[in-house]
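Since we're looking at a predicted model, the values are computed, not measured. Reckoned from all heavy atoms, side chains included, excluding hydrogens, waters and symmetry mates.
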Amino acid sequence: MLTLGALVGRIELELAFAGGVAAAPHEAVRVAGLATLTLPQLLEGEPQRRLEPGSLVLLTEVPFRLRGRAEVALETLLEQLALDRCAGLVVSVLSGAHQPFSLPVREASAALGIPLLITTAPPRTWAEAGRDLTARRLADVESHAGQLTTLVQQLPTRAGDPEAMQRIADWLARALKAQVLVSDPGGVLAASPETAAEALAEAFLRGHREGLARDRSQGPHTRLFPLASSASDAPAGSASWACGALAVGAAVGGLPAAGAAAAADDGSTVLAVARRSPSFDEADVRLMRHAARLLGLLDQARREHRAAADAAHAARTAAVELLLDAEVDKARRVMATQAPGLLTPDAVRVFVVDTPQDERDAVLRRCVAGTAGRALVVADPREDRRILVVEPIRPRRTGDAVATELTRLVAELGADASLGGSGTHPMVMVADALQEAITAQRFALRRPDAVALSAQSTDLVSVLPRDAARRWARGLLEPLLRPDAQWEQLRDTLPTALAYPYTVAARRLHVHRNTVRRRVAKAAELLDMDFTTVRDRATAGLALDLLAERQRPERSLTLVGGATPTLEALLASPEARAWADHLLCGARGDRRNLLTTAAVWLAHDAHVEPTARALGFSEFTVRSHLRALESHMARDLGSLGGLRDLQFSLHILAGEVGVTDARGDLCTTP
């Protein structure tokens, strides 16, 4: 679109600003079209219609000097031009004519902001100029329509598409040859080019400090559109412009604390556009307004999607916390609407993904996407690097899709990530499964692939011959499987009661502690065991883990596939010996002889004081040895699983610790 300055520069139009009119403020005024008017028509009351904004009015058939009625009519015309926001008034005069405007007309022109110009070009030249302006305007309209069509094509098929804002910002930057930024007080949502954030923050903050006194003609030319109300852009110096500038500054960290707080309170998302030249015309501003409206819709969808995602994440986190507290029924109610049926199974497996803190959110999203519908995935609130994955295990499932997906993901993440997994546990023992997964993850740090799952030689249950081990477990627990022994009740109670003090176990099982004590005493009597000893607790715990299915084992299956093996024979397998050797290899190389301390500690049923007396050490030294042993083994010796693995690995390698066999006999390795 042409400007008054460009028209004045066209030689064929012989156009100039009238004497006494300051040209500089009006040279950048854009001309949208040409309207021709004769002096007789003006005296008869023309024009009687509104003129198009940006029109340049050409007045012809003007005498040597305007006086009387002509002068009054001209002043009235200037008022109409100002109301219609016209570009200016051109008076056609004869070549060599003097100033046709009287002082009152020039004063009215200055007061109304409508520049006066004179031309000596013939009417046919101005007719061609009018046709040129009309063609240019048509081209601008077609271009604007094409831009709008292209803008609409940038809309995503999904309102929640995270890349949609960036695509619109990139397109707008290309269309306007400008820098474009979409931001809120929380950060940059889209920037094109990537340096736009810093450049726009500096421009807007400088403009806010200098206010209206700043010479805007020197650039960069800037526009700001709050997406919540993008009907009009906020002018420089206004309150909304200032708030938007604060929001832009806060998004890129360019504000002092007070300014950032104000921007955060404002909470608006803004579209900011800047370019050095030329200044933005009405078509550019309209295009920016349309883009702001579309970006506003995307921002609203983004906020709603984020709110829904936050609510879903809160529900998942609450469900996991309830599972860790053994509140299985409550966790199922929490997830009933989020993921119906997900927590229906009675068995569970837990995975731990460890990743750098600054990458956890991105990895969390990938874990959620990769395990969608099959597991609960949450960020661990107690550890900034950790992601928890709780996978309910359905009966007769095929494959291990969750473990496979997580292993693939960790392989893609590289050396900074690691994965640990638990074996299958009853749903009520998610806390134990988590501890096992954390232990496996620490173990994974020493593996080349940074992955350690219980099915990959980190857990004793996984390395024992499956069928033989289950026959041994059924043989050991046979007294509990009798019809009068209430197997289901004892099966649900013993894993928790053996792992925790009775008060804690009662809270997890939602029964009275005396009930727990009574059931444990009954099981100990039936099995002829003493559950106050580490040896018997570890042996019973191993058998229960081997029969972790929720269905009742059939007594008739006890001897299927061969005679019941002894635990001694199971622990003598090459796989079990390799497992024990790998588990204790670090501790065996420690100069403090940690394994002797461990053997004496287990012989005294994990009591530090008698262990210290027996060894002639201080209690501090014993505890120091045990902490070092935990580090070498990547096991928690405060848990039943850690005690069990230490007990059996010492028995396998050194025979220093006895274990109870299926017939209640004490097994020792010579």
Check your understanding: Out of Thr119, Thr125, Thr120, which residue meets the side chain to side chain donor-acceptor pair (under 3.5 Å) rule with Glu14?
Key ->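 With Glu14 as partner, side chain to side chain donor-acceptor pair (under 3.5 Å) holds for just one option, Thr120.
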**Study point:** Option among Leu388, Val334, Val390, Leu376 that satisfies the side-chain contact (heavy atoms from CB on, under 4.5 Å) test with Arg316
**Key:**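 Of Leu388, Val334, Val390, Leu376, side-chain contact (heavy atoms from CB on, under 4.5 Å) with Arg316 is met by Leu376 alone.
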Do any N or O atoms from the side chain of [X] and from the backbone of [Y] form a donor-acceptor pair under 3.5 angstrom?
X	Y	value
Arg106	Phe101	yes
Arg385	Asp354	no
Arg360	Ala379	no
Thr317	His313	yes
Gln166	Ala191	yes
Asp384	Gln357	no

Salt-bridge present ([X], [Y]; N to O < 4.0 Å):
X	Y	value
Glu12	Arg10	yes
Arg382	Glu321	yes
Asp170	Arg167	no
Arg408	Glu412	yes
Arg303	Asp299	yes

Could you check if a side-chain atom of [X] sits within less than 4.5 angstrom of a side-chain atom of [Y], using non-hydrogen atoms only?
X	Y	answer
Val353	Leu409	no
Pro115	Leu4	yes
Thr355	Arg366	no
Leu74	Leu89	yes
Leu77	Pro47	yes
Leu172	Ser192	no

Check your understanding: In terms of side-chain heavy atoms, does Thr36 have a donor or acceptor partner in Trp126 at a distance below 3.5 Å?
Key ->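 No, no side-chain donor-acceptor pair sits under 3.5 Å.
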**Study point:** Side chains of Thr38 and Gln41, donor plus acceptor under 3.5 Å
**Key:**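 Per modelled atom types, Thr38 and Gln41 side chains form a pair under 3.5 Å.
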Point to revise | Ile11 atom CD1, neighbour heavy-atom count above 12 within 6.0 Å | key: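 Result for CD1/Ile11: open.
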